[in-house]
Every structure is written in structure tokens, then in C-alpha cells.
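Here's the structure, in C-alpha cells; my notes come after.
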Amino acid sequence: MGSPPKTLQEIAEDIERDVGNKVKYVSLRSPDPSFPEVPIVNLTTLENRQLCVAVTTCGLCIVGNAHDSLDGLPHVAQNPTVTDSPEPAETAQRTHVKLSQQVSISSAVFEEAMLVQYHETIYSLLDDVSPMYRAAFCSELTDKLMLLQRSQEDN
């Protein structure tokens, strides 16, 4: 029997540890009092883009374009309708959100459907929003493969 699934809070704490060297800034912030069950991570990409990311049961999504900006949080904290298509008219109920799935959320505030991009991992989210993250990840992977190749050649 495996270990129990991680809580959203544990996932948020892992994010802080895992990507600290591939972003300029990452920090777990205090939960919003209106949505205490949704951990929030502030981060700044290598391109100096500030993001506020929610860790939800559907995945990770950007809820603001500045640290502590929670404008999108009320929309992602609800139970969204998951779609394979960005067209709200083609909404299909699903029980699992796939990597980088788009989700249609009805919003009384906007009086129209709003699309939210969910990501299964922080790596997927950063890959989408930060070309410099992608380059740093590829460079680190190349370095590790070269090191492995040298060690095998030495043996």
C-alpha cells in the first residue's frame, strides 16, 4: 500500500522547494480568508513576470498577474465544468482534469464564460509562461545527461 495522497497545502510547500532555483522568487502566502482551503503561491519568473498561483483540486492555475493578486480566485475555487474545447457551448462533464486542460467557468460578474488554464504540475505551468524556465530546465537536463555519459565512459 502506497503513501496517502498529498494535501493541497503539501503540494504548495513542494512547489516552493522544487522550483526555487528556476524562478526569481517563490513564496507560499497566507490563505485568503474567503477560500482558506486553497493554497496560494506567489512567484516571479526569470522574465520578471509576477504571478499568483492557486493550488486546487483541479490543478494549478494563475489567479493573478501580480503577487497577492487574487482577482481570479473566486472563479477557480468553485466547482468548474471541464472542457476539451475552449468553446463554452461544447462543455462536457469530466471527473479528471488533464494536463493544461482549459476549464469553462460561468461568471455572474463577467456575464459570460471565462476560461481558466489548469496545469497538473508547476513545471507544466512554468513551461507555458516562462521561456527562460524552459531553457534552464533543458540546460540542467543536458548537463545531467552529459555527466551520466562521462561516468559511463569512465567505467
Side-chain angles (χ1 to χ4, degrees), residues 2-141:
S3 59
K6 290 187 175 189
T7 66
L8 295 177
Q9 184 67 30
E10 290 170 330
I11 292 169
E13 290 166 0
D14 287 348
I15 289 169
E16 195 172 25
R17 277 189 303 275
D18 293 347
V19 299
N21 64 338
K22 294 187 183 63
V23 296
K24 286 192 174 184
Y25 174 82
V26 60
S27 178
L28 190 56
R29 64 158 273 154
S30 301
D32 184 271
S34 302
F35 302 99
E37 73 285 357
V38 181
I40 302 294
V41 178
N42 286 322
L43 63 87
T44 302
T45 67
L46 296 173
E47 296 86 359
N48 288 319
R49 180 177 177 194
Q50 290 188 359
L51 300 172
C52 190
V53 177
V55 181
T56 74
T57 56
C58 290
L60 304 167
C61 63
I62 298 169
V63 294
N65 287 315
H67 294 168
D68 300 324
S69 173
L70 303 173
D71 297 336
L73 186 57
H75 306 293
V76 302
Q78 302 169 2
N79 292 324
T81 301
V82 180
T83 66
D84 287 325
S85 166
E87 297 300 320
E90 298 175 15
T91 300
Q93 291 289 339
R94 305 265 183 206
T95 57
H96 183 262
V97 175
K98 295 179 183 173
L99 180 68
S100 300
Q101 187 96 41
Q102 286 190 333
V103 177
S104 174
I105 301 172
S106 295
S107 169
V109 174
F110 295 103
E111 297 183 8
E112 62 186 48
M114 173 183 158
L115 291 179
V116 176
Q117 186 79 29
Y118 282 90
H119 296 269
E120 194 171 304
T121 66
I122 189 63
Y123 312 110
S124 169
L125 186 146
L126 286 171
D127 189 58
D128 270 2
V129 301
S130 176
M132 291 177 76
Y133 162 81
R134 192 175 320 116
F137 178 84
C138 289
S139 177
E140 182 180 315
L141 181 59

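Using a 4.5 Å cut-off on side-chain heavy atoms (C-beta onward), Glu16 and Val41 make no contact. Side chains of Val38 and Leu8 form no contact here, defined as non-hydrogen atoms less than 4.5 Å apart. Counting only heavy atoms from C-beta outward, the side chains of Leu60 and Ile15 approach each other to under 4.5 Å. A 4.5 Å side-chain heavy-atom check between Leu46 and Lys24 finds at least one atom pair inside the cut-off. When side chains are defined from C-beta on, Asp32 does not count as touching Ile40, because their heavy atoms never get closer than 4.5 Å. Looking at heavy atoms from C-beta onward, Pro131 lies in side-chain contact with Glu47 at the 4.5 angstrom threshold.
Scanning both residues, Pro74 and Leu70, for their nearest heavy atoms gives CD-O, 3.6 Å. The two atoms that bring Thr44 and Gln50 nearest to each other are OG1-CG, 3.7 Å, heavy atoms only. A pairwise comparison of heavy atoms in Val63 and Ala54 identifies CG1-CB, 3.6 Å as the closest pair. Across Val26 and Gly20, no two heavy atoms sit closer than the pair CG1-CA, 3.8 Å. In this structure, Asp128 and Gln117 approach most closely via the heavy-atom pair OD2-NE2, 4.5 Å. Minimum heavy-atom separation, Cys58 to Tyr118: CB-CE2, 3.4 Å.
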*Evaluate side-chain contact (heavy atoms from CB on, under 4.5 Å) for Asn21 paired with Glu140, printing each intermediate quantity in order.*
CA-CA 11 Å; Asn21 64 338; Glu140 182 180 315; 4.1 Å; yes
*What's the verdict on side chain to side chain donor-acceptor pair (under 3.5 Å) for Gln9 and Thr7, showing C-alpha distance, side-chain angles and the deciding distance?*
CA-CA 5 Å; Gln9 184 67 30; Thr7 66; over 6 Å; no
*Show your working on side-chain contact (heavy atoms from CB on, under 4.5 Å) between Tyr123 and Asp18 and close with a plain yes or no.*
CA-CA 9 Å; Tyr123 312 110; Asp18 293 347; 3.2 Å; yes
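Side chain of His67 to main chain of Leu43: a donor-acceptor pair is present (N/O by atom type, distance under 3.5 Å, no hydrogens or angles). Put simply, the side chain of Asn42 gets close to the backbone of Asp68: a donor and an acceptor are under 3.5 Å apart.
The distance from the SG atom of Cys61 to the CG atom of Leu51 is 11.5 Å, given to the nearest 0.5 Å. Atom OG of Ser139 is separated from atom CE of Met132 by 11.5 Å, given to the nearest 0.5 angstrom. With values rounded to the nearest 0.5 angstrom, Ile62 atom CD1 is found 11.0 Å from Ser69 atom OG. Note that CZ of Arg29 is 6.0 Å distant from SG of Cys52, once rounded to the nearest 0.5 Å. Of the inter-residue distances, the one linking Leu28 atom CG with Ile11 atom CD1 reads 12.0 Å to the nearest 0.5 angstrom. Rounding to the nearest 0.5 angstrom, the gap separating the CG atom in Leu126 from the CZ atom in Phe137 is 11.0 Å.
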